[in-house]
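For ligands, and for the atoms within them, numbers begin at 1 and follow the listed sequence. What you see is a predicted model; the values in this text were computed from it and never measured.
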Amino acid sequence: MTTQNTAYRTLDAEGVRSYVASLPTIAARLGSAPETWTIREVSDGNLNMVFLAEGSNGGVCLKQALPHVRVDPSWKMPLDRTFFEAAYLRNVFPHVPDLTTECLHFDPEQFILIVKSLSGHTVLRTALMNGPVIPEIAARIGRFVAHSTFATSLLAAPFEPVMDRRICFARNQTLTRITVDLVLTDPYHNHPRNHWAEPGLTPVVDAIRADENVLARIDSLRLRFLSCPQALLHGDLHTGSIMTTEDDTRVIDGEFAIYGPIGFDAGLFVANLVLSLFATPDTAATHLHKQMITLFWGSFTEHFLHLWNTQPTPSDPAALYYAPTQGGISEREKTLFLESIFQDMVGYCGAEIIRRIIGYAHVADFSVLPNTESREARKKQALLFAKKCLDQKHLFKNVSDFLTSLSAD
Ligand code: SR1
Ligand code: MG
């Protein structure tokens, strides 16, 4: 797909009103007359336009791809990312209906995706910046990662449908290129997209770039990201891709979906909790963030193993990756698989922390700190922790080892 689409028009608020009014089933969700609807532009991410359209009965969220990066119109980009987000939702929503949104409409000419409005929810990053959240949110995300990845992996289905899905998402190359470059490459050398305002970070950046163990690990994580298609990933599971209330948590923005190592989704989520921890320097917040990381990993492993252990035996013995006649996969193999996800999680966590501090797309978390000195000090601690995550000489054995090291600095 290219941007040579003459029918494509970028919508403004009034365009959204007419567009939604032209879709009877979507318009019916809003109720009342289109002229009475409230249309608000709420674009927040780096890439797309997002609107909320609300009527007397309810609301929808409309997302449209632009032919460029939203925050940088000179960075041209094809429109097809909404296709992959719609495809991601269609693949995972049946497995996590209470943890994401259903694709209500996708328009392949206008590259418009419509889902239910979450206007009563708050972006998790914002909620964390505003004060404590309930830690169970992290357990819900653990369940999301377990169900969305297990269901799309070879553990849950014969290889044919899995490979068909892999073929589809292998076309998501524009956004995969962004991840490979921005998350796994640019920060490790001089690149004009990198930036940081605090001069005291430069020696830490230099140390990261000079460390052969770190560079070797990043090389292997980059290779693994592209060559280890364990499951369909969300691909950008940071705290800005999660909307929540106390009772209800939803994962949004699956446009970076790609087959890859399960630890990538887990690592991005944990990294963003770690970033929030370093940006929130008080004992209660540190405890909360650590509790959230523990709950996330516990919930992920519990749900993933439960799905694995209760997988029905297919009538066709060729339908799964192992033959039931051989007694199925051993507990030892399952443990090793989860341990490898844990090690991937730690590595991608390190990469995500680094790129969110010195790469192209930073996080807002540190803006709650009162001055440049405090921001510099906390970002430095986060970078040093990330460096440990990438140090091949030191492997964290388990989540408590990971958390202990988080306190050490
Ligand atoms: C040009 S896109 C930069 C970042 O925004 C998205 O949310 C992804 O995190 C991407 O890496
Ligand atoms: Mg996003």
Side-chain angles (χ1 to χ4, degrees), residues 3 41-52 61-89 92 100-101 103 111 113 115 118 121-126 141 144 172-188 191-196 218 221-222 225-226 233-244 250-258 260 264-276 348-365 386:
T3 53
E41 196 212 317
V42 292
S43 314
D44 183 34
N46 292 317
L47 294 176
N48 306 297
M49 297 294 288
V50 182
F51 295 88
L52 293 181
C61 171
L62 181 147
K63 184 165 180 178
Q64 185 177 34
L66 293 166
H68 54 79
V69 171
R70 187 182 71 86
V71 297
D72 179 2
S74 71
W75 188 342
K76 303 299 175 203
M77 191 161 283
L79 297 160
D80 57 4
R81 52 195 181 272
T82 12
F83 166 84
F84 293 107
E85 183 166 349
Y88 179 72
L89 290 180
V92 304
T100 187
T101 53
C103 173
F111 293 92
L113 167 70
V115 297
L118 296 172
H121 290 55
T122 307
V123 173
L124 178 56
R125 189 184 309 285
T126 312
I141 300 302
F144 173 86
N172 196 6
Q173 290 172 11
T174 303
L175 296 202
T176 300
R177 168 54 67 191
I178 287 183
T179 301
V180 169
D181 288 354
L182 268 55
V183 184
L184 299 168
T185 308
D186 291 357
Y188 302 92
H191 192 285
R193 282 190 292 239
N194 296 326
H195 61 102
W196 59 94
I218 273 293
L221 288 165
R222 191 186 314 106
F225 178 69
L226 293 170
L233 308 181
H234 175 280
D236 195 26
L237 192 55
H238 57 84
T239 47
S241 298
I242 295 165
M243 301 204 59
T244 196
R250 305 275 166 167
V251 172
I252 61 166
D253 278 6
E255 64 212 333
F256 282 79
I258 183 77
F264 186 81
D265 272 357
L268 262 57
F269 179 64
V270 169
N272 281 269
L273 291 178
V274 171
L275 285 159
S276 177
Y348 291 117
C349 169
E352 171 75 356
I353 293 169
I354 290 171
R355 75 93 170 211
R356 291 298 190 186
I357 295 176
I358 66 160
Y360 175 81
H362 292 195
V363 287
D365 304 51

*Asks:* Which heavy atom in A271 sits nearest to a heavy atom in C349, and how many Å separate them?
*Replies:*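 Closest pair (atom of A271, atom of C349, distance): CB-O, 3.4 Å.
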*Asks:* Tell me the protein heavy atom at minimum distance from atom 2 (S) of ligand 1, and give that distance in Å.
*Replies:*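 Going atom by atom, the protein heavy atom closest to atom 2 (S) of ligand 1 ends up being L47 CD2, 3.9 Å.
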*Asks:* If you count the non-hydrogen atoms of other residues, nucleotides and ligands that lie under 6.0 Å from CG in D44, is the total more than 12?
*Replies:*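 At most 12 heavy atoms, drawn from other residues, nucleotides or ligands, come within 6.0 Å of this atom.
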*Asks:* Just verifying a value: how many Å separate L275 CG and R125 CZ, rounded to the nearest 0.5 Å?
*Replies:* 7.5 Å
*Asks:* Taking both backbone and side-chain atoms of W75, is any N or O found less than 3.5 Å from an N or O belonging to ligand 1?
*Replies:* no
*Asks:* Of all N, O or S atoms in D253, identify the one at the shortest distance from the Mg ion (ligand 2).
*Replies:*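 That would be atom OD2.
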*Asks:* To the nearest 0.5 Å, how far apart are CG in L66 and CZ in R81?
*Replies:*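 Rounded to the nearest 0.5 Å, the CG-CZ separation comes to 6.0 Å.
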*Asks:* Between I178 and ligand 1, find which residue part has any heavy-atom pair under 4.0 Å and reply side chain, backbone, both or neither.
*Replies:* side chain
*Asks:* Could a heavy atom of R356 be found less than 4.0 Å from some atom of ligand 1?
*Replies:* yes
*Asks:* For atom 11 (O) of ligand 1, which protein heavy atom lies nearest, and how many Å away is it?
*Replies:* R355 NH1, 2.8 Å
*Asks:* We want to know whether N48 and E85 form a side-chain donor-acceptor pair, criterion being a heavy-atom distance below 3.5 angstrom.
*Replies:* no
*Asks:* For atom 8 (C) of ligand 1, what is the nearest protein heavy atom, given as residue, atom name and distance?
*Replies:*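 Minimum-distance protein heavy atom for atom 8 (C) of ligand 1 reads D236 OD2, 3.3 Å.
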*Asks:* For ligand 1 and Y360, I'd like to know whether there is a polar contact (N/O to N/O, distance under 3.5 Å).
*Replies:*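 By distance alone, the answer is no.
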*Asks:* When rounded to the nearest 0.5 angstrom, what distance separates CG in L79 from CD in Q64?
*Replies:* 8.0 Å
*Asks:* Any idea which atoms of ligand 1 are less than 4.0 Å away from a heavy-atom of L182?
*Replies:* 3 (C)
*Asks:* Measure from the side-chain N and O atoms of H68 to the backbone N and O of M77, and report whether any donor-acceptor pair falls under 3.5 Å.
*Replies:*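 Flag not set: sc H68 to bb M77 has no pair under 3.5 Å.
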*Asks:* Would you find a donor on one side and an acceptor on the other, under 3.5 Å apart, between the side chain of N172 and the backbone of A257?
*Replies:*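 Yes; at least one donor-acceptor contact below 3.5 Å.
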*Asks:* For atom 5 (O) of ligand 1, what is the nearest protein heavy atom, given as residue, atom name and distance?
*Replies:*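 Heavy-atom neighbour on the protein nearest atom 5 (O) of ligand 1: N46 ND2, 2.7 Å.
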*Asks:* Find all atoms of ligand 1 within a distance of less than 4.0 Å from any non-hydrogen atom belonging to F256, and give their numbers and elements.
*Replies:* 6 (C), 8 (C), 10 (C)
